[in-house]
Protein chains: 2
Amino acid sequence: MKKKTSLADIAQSLNVSKTLVSMVLNGRGEENGISKDTREKVIARAKELNYQPNMLARSLRLGKTNTIGLIVSDISNPFFSKIIRAVEDALAEYDYNLIVCSTDEDVEKEGRLIKMLEYKQVDGMIISTSMASETDIRKKIRSGIPFVLIDRYLDNPDNPYVGTDNYLGAYRLTSHLIKNGYKKIVILSHQPTHLSSLKDRKKGYLQALKDHKINPDDRLIIDVPFQNRDRHVFEAMEHLFSEGEPDAVFCLNNSLSLAFLDFCKQKNINIPGRTGLASFDDIDLFRLLPVTVTSVRQEVTEIGKQAVIKLLHEIRKPGSAEEKRVQIPPILHIRESSQKIS
Amino acid sequence: MKKKTSLADIAQSLNVSKTLVSMVLNGRGEENGISKDTREKVIARAKELNYQPNMLARSLRLGKTNTIGLIVSDISNPFFSKIIRAVEDALAEYDYNLIVCSTDEDVEKEGRLIKMLEYKQVDGMIISTSMASETDIRKKIRSGIPFVLIDRYLDNPDNPYVGTDNYLGAYRLTSHLIKNGYKKIVILSHQPTHLSSLKDRKKGYLQALKDHKINPDDRLIIDVPFQNRDRHVFEAMEHLFSEGEPDAVFCLNNSLSLAFLDFCKQKNINIPGRTGLASFDDIDLFRLLPVTVTSVRQEVTEIGKQAVIKLLHEIRKPGSAEEKRVQIPPILHIRESSQKIS
DNA sequence: TTGAAAGCGCTAACAG
DNA sequence: CTGTTAGCGCTTTCAA
C-alpha cells in the first residue's frame, strides 16, 4: 500500500506548479492558456503516477461534497427502497452520491441523523420525516442546508415536498369499495398518526364515506403501533372480526397489507368472500395471489426523480421553485379482492 | 443562513487557542490537563455559538472519513435492501455512515463506482461484485482501501467474504425435490454465469442429481439475461413447458421466482399439480400464497452484520482475520409447492 | 503561459 | 495548564 500521489507530487516531478496541474486536470488548462505541450505532459504523468484526486480536500476547499443524505423510516421497505433506487439513478446523472439512513419512525433518531449529515456537510437532504412540524426539523438543520420532504409534508406549505396525492388515492379507492357494495370498511393504519401521508389517506376515506352517506364508525378506524406491527394487526383484526363483522379492509400501506394477509391466511378468512380487501401501495404479491388485490399504486420512481430535481433546484438557488408541493396522482388498480358484493 | 462558526471563532471569542478548544470538544480536555473552569467555558461558548464540527476538515486531517461504501447490483432488490439495512444498523454502532450504489450487474459501472468511492476516501467497501476476478477489482482499488465481498466471492481465497453456503442450500433443496419424486427439475438462473453464488447453487443441484443417480439434462438448465428477466423467463418457460414436460422448477433467486410465478399465473399452470416449485431466497409472498412455496432462506441480517465486523477488522489491521471466507448455512423451508408426487 | 501564496477547518507534535 | 506551528490536498486570486 504505497502512499497516494497528490497534485504536489506530479507538479514536483514535472517542475511545474500545483496550480497548473490542478487547472489542467480539471479541464481548465486550455482556457487558462496552458500550452498544449505542457497539458499533455501533465496528463501523461498523472496517469503514470496513477493520480487519484482527493475529493475530501476538494470538498473542503469548495465547500460542497456532491453528496446528499436520504432519510427514510426503513430502507428495506420496498416502497422506500424503490424510491432510493430512483433517487440514486437521478443523482448519478449529476455526479452526486447518496448516504442513506433509516429512522424507524423514531423522532430522536431522525434528529441525530440530520445532525450527522449536517456535520458531514452534505449538500442537501431528502427526508421522509417522522417529525410533526417544520420547526422541529429546522431546529436540527441550523446551517440552512436545503432539504426536500418526500412522502410526508409538514405544516409549512413552503417546504419543498414531493409525494403521492394520498387524499385522492384513498378517496377513489374507498369510493370504489362503496360502489361495489361494501359498507363497513375497516381502515387499517399505523402510528404515528400525525404523518401527513396517513392523515390524508384517512381524510380521503372519510370524505368518500360522507359523499356516499355512510356514517363513519370509530371502531373501524385502527392505528396499530409502528413496532411489532404484525402482532398488533393480528390482535386488532382478531378482535374486530370476532364481534362486528366488517365487510372490507382498506390497508394504508404495503406492510399493513402483508400483516393482514398473514392474518387471513392463519384464520382462513376468505377474500373477497368473507371480507373485501384493498390496499395502498402496489407490490408483486398483489398481482400474483390467486385472488389479486386491488390497490393504489404510488409512482415511486417519479417521486424519487422529482425529489432530486427539486433538491438540485434548491441547492442552486434556494427558494426559487415555482411550485412547492408536488402531489403525484396515484394509479388505481382494480382487481379481484374488491369484487362487487350483493 | 449565517456563516458557520468554526473552532477558530470560539477560540478567538475566548482568547484561547484552537488547539485547546479542539481538545476540550473532543473530550480530551481532562487528559491534557485543561482546567475544569476553561473546559466548561469552552463547552458553554460552543453551545452558545451553536458550533457544528466540520467532519470534512476533520477527515482530511485524520485521513479517515467514517464512511463506507456499499456496492450491490440493485438496492431495490429485497435481498439486498435487507442486507443494506443490517449493514447500516451494524455500522451505526461504530459511527460509520453508508454510501450505497447499484451496478445492475454492469462491470463497467461497478468499476466507475469503486473509483468514485475511492476518490471520496471511504474507509472501506462492501461489494457484491459482478466482476469475474479479484484482479479486476484490485485494478480499480489502487489505494489499498480494504473491502469485503458479500454474496459472491472471487478467485482469491484470501479475499474476505461473507455469504450463504449456496452449494449446501441448493444441494439440500434439490435432494428434497428428488426425494419427493421430482425427476425432471429445471434450474432457472440468470447471467452473468460466472457469479459464484449462482455457480455454487448450480453445483449443488448437479451434485444432488448425481448422488441420486439422475442424469442432468442440459435443456433443463436455463440462464436468462439479467436485463428484462421477466420477459426472458416467460419465453424460456413457455418453450420448455410446451415440449418436454419438466416436473419441477428450481428458481435460483427471488426475482426469478417472481417471474416464474407470473408465468404460471398467466398460463394457468397449477403448482404443484402440473409442476413443483422451489426457490432460493425467502420472501413474504412465499408464505402468503395459498400454495406456499418451498425455499432456501438466506440469513440476510447475519450476512450484513458479519460483513461489517469483517470490514472493521480489515480497516483496523488488514489481513488479520483468521477466517477469510464465511459461509453462513441457509435454512430450508419446506412448504407445499414441492409436495410429494407419485 | 506559468507560479506563489493563501486558506478551507481541523488535529498533533512540540514548546513553553 | 496552554499556545505555536505545521500541514492534510486542493483551488483560487493575484502577480509575473
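Each chain gets a letter, A, B and so on, in the order the sequences are listed, and its residues count up from 1. Basis for what follows: all heavy atoms, side chains included, without hydrogens, waters or symmetry-related copies.
Taking only side-chain nitrogens and oxygens, Y51(A) comes nearer than 4.0 Å to OP1 or OP2 of dC10(D). For S17(B) and dG3(D), the shortest distance from a side-chain N or O to OP1 or OP2 is below 4.0 Å.
A donor-acceptor contact closer than 3.5 angstrom is absent between the side chains of T65(B) and Q121(B).
Comparing A57(B) and L20(A), the nucleotide of DNA chain D nearest to each residue sits closer to the 5' end for A57(B).
The pair E30(A)-R39(A) meets the salt-bridge criterion, with a side-chain N (NZ, NE, NH1 or NH2) lying under 4.0 Å from an Asp/Glu carboxylate O. One finds a salt bridge joining D104(A) and R85(B) here, because a Lys/Arg side-chain nitrogen approaches an Asp/Glu carboxylate oxygen to under 4.0 Å. E105(A) has a carboxylate O that lies under 4.0 Å from a charged side-chain N of R152(A), or vice versa, which qualifies the two as a salt bridge.
When distances run from any side-chain atom of R58(A) to the nucleotides dC10(C), dT2(D), dC10(D), the shortest one goes to dC10(D). Taking only side-chain atoms of I34(B), from C-beta outward, the nucleotide of dT12(D), dC10(C), dT2(D) with the closest atom is dT2(D). Looking at the side chain of L60(A), the nearest of the listed nucleotides dC10(D), dT12(D), dG9(C) is dG9(C). Distances were taken from every side-chain heavy atom of N54(B) (C-beta onward) to each of dC10(C), dT2(D), dG3(C); the shortest belongs to dC10(C). For V16(A), taking side-chain heavy atoms from C-beta onward, the closest of the listed nucleotides dC10(C), dG3(C), dA12(C) is dG3(C).
Atom CG in N15(A) sits roughly 13 Å away from atom P in dT2(C) (whole-Å rounding).
On a pure distance criterion of 3.5 Å, no polar donor-acceptor pair joins the side chain of S22(B) and the base of dA12(C). Interface remark: the S35(A) side chain does not form any donor-acceptor pair with the dT2(C) base, using a distance-only criterion of under 3.5 Å. Residue T19(B) places a side-chain atom within donor-acceptor reach of the base of dT4(D), judged by atom type and a 3.5 Å distance cut-off alone.
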